[in-house]
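Each remark here refers to the structure printed beneath this line.
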Amino acid sequence: FQKGLKHDEL
Amino acid sequence: LLFLRSWSTRARISGKSQLLFALVFTTRYLDLFTSFISLYNTSMKLIYIACSYATVYLIYMKFKATYDGNHDTFRVEFLIVPVGGLSFLVNHDFSPLEILWTFSIYLESVAILPQLFMISKTGEAETITTHYLFFLGLYRALYLVNWIWRYYFEGFFDLIAVVAGVVQTVLYCDFFYLYVTKVLKGKKLSLPA
């Protein structure tokens, strides 16, 4: 399971 | 609002739009497993996912008898296939999680089309449905203000989210116009034949 970018918005 | 609406007859809510929203939240919030931002962020993600599936359940299972399937005829594959292709081509990072996030952003911007199509077919919408649509559109429209703010004060800019957010808001504009000119003046939203 590869990590994605950090998205802080909903 | 949708929950309340589902409990009365002839909801005229597009089950297809709600299915798309469930897919949107599922593919976007997979980062629940990989990154933690805040308690608020995590709980809202869980609430969004739970509510979207509960709504789909209500429409297709519990209140199947009152679901207006004959008017909910938008072909969702015409949205999912191009959006899926685009998310592979234009993304921030070619990784599974990131492609799914991009897919959800693109899909959200057009997920309301089955609902708008349904209204254009039936030529009218219940007032509570229009309130729901208005606030759903307002939610992303307010993000536009937030993004301008974040660009100036935090140097934050996410082109994919911004373009999709603009597209999404534009799709609602026609509806916003009807909402302000008709619904807010106490009239029912009905389109000329």
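Every chain is numbered from 1 and lettered A, B, ... according to where its sequence line falls, protein lines coming before strand lines.
- Hydrophobic clustering, with ILVMFWY side chains joined whenever heavy atoms are under 4.5 angstrom apart, groups B:I112 together with B:V163.
- B:V81 and B:F88 end up in different hydrophobic clusters when Ile, Leu, Val, Met, Phe, Trp and Tyr side chains are linked at under 4.5 Å.
- A salt bridge links A:E9 with B:R150; the closest basic N to acidic carboxylate O contact falls under 4.0 Å.
- Hydrophobic clustering places B:V24 together with B:V162 (ILVMFWY residues linked when any side-chain heavy atoms are closer than 4.5 Å, directly or through intermediates).
- Among all heavy-atom pairs drawn from A:L10 and B:Y139, the shortest one is O-OH, 3.5 Å.
- Under the 3.5 Å distance criterion, the side-chain polar atoms of A:K6 are matched with a main-chain donor or acceptor of B:F36.
- Under the 4.5 Å side-chain heavy-atom criterion for grouping Ile, Leu, Val, Met, Phe, Trp and Tyr, B:V76 is not connected to B:M118 through any hydrophobic cluster.
- Criterion: ILVMFWY side-chain heavy atoms under 4.5 Å apart, direct or through other members. Under it, B:L107 and B:V166 are part of a common hydrophobic cluster.
- Counting heavy-atom pairs closer than 4.5 Å to chain A, the top-ranked of the candidates B:Y48, B:F25, B:Y29 is B:Y29.
- Below 30°, between 30° and 60°, or above 60°: for A:H7 and B:W101 the angle between ring planes is below 30°, a parallel geometry.
- Considering OG of B:S35 and CG of A:D8, their distance stands at 9.5 Å, rounded to 0.5 Å.
- Proximity to chain A (any heavy atom under 4.5 Å) is restricted, for B:D31, to the side chain, taken from C-beta onward.
- Rounded to the nearest 0.5 Å, atoms CG (A:L5) and CD (B:E98) are 3.5 Å apart.
- Heavy atoms from other residues, nucleotides or ligands lying under 6.0 Å from OH of B:Y151 number 12 at most.
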